[in-house]
Amino acid sequence: MGEGEAKAEQAAKEDHKNAPSASSTPESCSKDSEGGGGGGGDALRAICGAIFTVLVLLGIIALILWLVYRPHKPRLTVVGAAIYDLNFTTPPLISTSVQFSVMARNPNRRVSIRYDKLSMYVTYRDQIITPPLPLPPLRMGHKSTVVIAPVLGGDGIPVSPEVADGLKSDEASGVVRMRVVVIGRLRWKAGAIKTGRYGFYATCDVWMRFNRSSNGQVPLLAPSTCKVDV
């Protein structure tokens, strides 16, 4: 072998020795990748933990507020009644003019109640004998009481023969039971916190004296605390 060829061969061996091996490059990238993935996982776990902690704290705060302000349903009672007109015509039709004084009380010490879309009507044997009367919006402060006493009635309201015969029989016996219905929506308010609107439905069974000569106030025969559903 000549001297030039020997030098060329020696140079090639030196270049091969100094070149980076193919197997070392993927290993290094893998280690870097694993190191980067671990850091990202730690950050994600930290974010999830923070969100969970915030949700738990919010739940505890909501529970405390509910326990402190826990809203109670309003209480309604009929405290007076008057019958001004109650007459029948064929086929049968009824003409009515009645008035019921409904006392509404907010039992909450820290929560006010706001009503809207209120209306009131009267039924007898589950049939309406006065058209629903819209009532203005109402706001009740803490531990407050208000009396609602609209005059209800209408002319020529169609009713079943059962209603006509029943009212005539009750008139003869001197005792009649009617049901006052109040419907609408309400929401509770405690400071700056307001709840959503809830359907409100109250029924009050009223037993009272009644005869043909009744024209005006009639005595109530039993307490008439209303059933309230929200």
Side-chain angles (χ1 to χ4, degrees), residues 73-107 112-141 144-164 166-168 170-171 175-189 196-212 214-230:
K73 294 186 295 186
R75 298 170 185 168
L76 274 65
T77 307
V78 176
V79 296
I83 297 177
Y84 303 111
D85 182 29
L86 192 59
N87 292 305
F88 293 96
T89 57
T90 56
L93 303 173
I94 187 173
S95 296
T96 58
S97 179
V98 296
Q99 184 178 27
F100 292 94
S101 300
V102 180
M103 182 175 68
R105 177 166 177 76
N106 176 12
S112 62
I113 304 177
R114 300 188 177 189
Y115 304 84
D116 60 20
K117 295 188 180 299
L118 286 173
S119 63
M120 182 186 295
Y121 58 91
V122 178
T123 68
Y124 175 82
R125 297 193 179 184
D126 297 326
Q127 293 190 43
I128 294 177
I129 61 173
T130 69
L133 178 69
L135 302 175
L138 177 64
R139 181 187 183 279
M140 298 184 66
S144 63
T145 302
V146 65
V147 176
I148 307 167
V151 175
L152 308 170
D155 296 325
I157 301 169
V159 294
S160 69
E162 178 188 4
V163 168
L167 279 172
K168 290 175 183 177
D170 290 344
E171 183 181 32
V175 177
V176 66
R177 180 181 71 88
M178 295 183 182
R179 173 171 290 179
V180 180
V181 180
V182 185
I183 61 174
R185 300 187 307 179
L186 67 76
R187 62 178 176 175
W188 290 278
K189 182 176 184 294
R197 288 181 170 84
Y198 294 87
F200 170 78
Y201 183 77
T203 55
C204 318
D205 290 334
V206 185
W207 290 88
M208 51 194 168
R209 290 285 183 191
F210 172 64
N211 54 52
R212 175 57 63 182
S214 297
N215 187 6
Q217 292 291 324
V218 294
L220 302 180
L221 300 179
S224 55
T225 300
C226 308
K227 179 184 177 183
V228 178
D229 293 316
V230 177

Donor-acceptor side-chain pairing of T123 and R179 below 3.5 angstrom: no
Check: Q99 side chain, I83 main-chain N or O, donor-acceptor pair, under 3.5 Å: no
Min side-chain heavy-atom separation V98-V151 under 4.5 Å: no
L86 side chain reached by F210 side chain, heavy atoms, under 4.5 Å: yes
Atom of G80, atom of L220 and distance for their closest heavy-atom approach: N-CD1, 3.8 Å
Minimum side-chain heavy-atom gap F200-V228 below 4.5 Å: yes
Whether K73 side chain and V230 backbone form a donor-acceptor pair below 3.5 Å: no
Passing option when R177 is tested against D126, D170, D205 for salt bridge (Lys or Arg N to Asp or Glu O under 4.0 Å): D205
Note, F88 side chain near L93 side chain (heavy atom, < 4.5 Å): no
pair L221-R209: side-chain heavy atoms closer than 4.5 Å: yes
Nearest heavy atoms of S101 and V147, plus distance in Å: CB-CG1, 4.1 Å
In residues 113-121, what donor-acceptor pairs under 3.5 Å come from side-chain atoms, sequence neighbours left out?
from	atom 1	to	atom 2	distance (Å)
D116	OD1	R185	NE	3.2
D116	OD2	R185	NH2	3.4
D116	OD2	R197	NE	2.9

4.5 Å side-chain heavy-atom contact, M178 and F100: yes
Distance in Å, C226 SG paired with L76 CG, rounded so as to fall on 0.5 Å steps: 5.0 Å
Distance-minimising heavy-atom pair for P74 and P107: CA-CD, 4.1 Å
Heavy-atom side-chain contact between N87 and I94 under 4.5 Å: no
Nearest-0.5 Å distance, NZ of residue K227 to OG1 of residue T203: 6.0 Å
For the student: nearest non-hydrogen atoms of I128 and I157, plus distance: O-CG2, 4.1 Å
For M208 against A81, the heavy-atom pair lying closest together: SD-CB, 3.8 Å
pair V176-E171: side-chain heavy atoms closer than 4.5 Å: no
Polar side-chain atom of Y124 near backbone of G166 as donor-acceptor pair, under 3.5 Å: yes
Would you tabulate the side-chain donor-acceptor contacts of residues 129-138 under 3.5 Å, counting partners in other chains and residues two or more places apart, or write 'none'?
from	atom 1	to	atom 2	distance (Å)
T130	OG1	V122	N	2.9

Exam field: side chain Q127 to backbone S160, donor-acceptor pair closer than 3.5 Å: yes
Side chain to side chain donor-acceptor pair (under 3.5 Å) involving R139 - partner list, sequence neighbours excluded: none
Taking every non-hydrogen atom, the tightest pair across G141 and S112: CA-CB, 4.1 Å
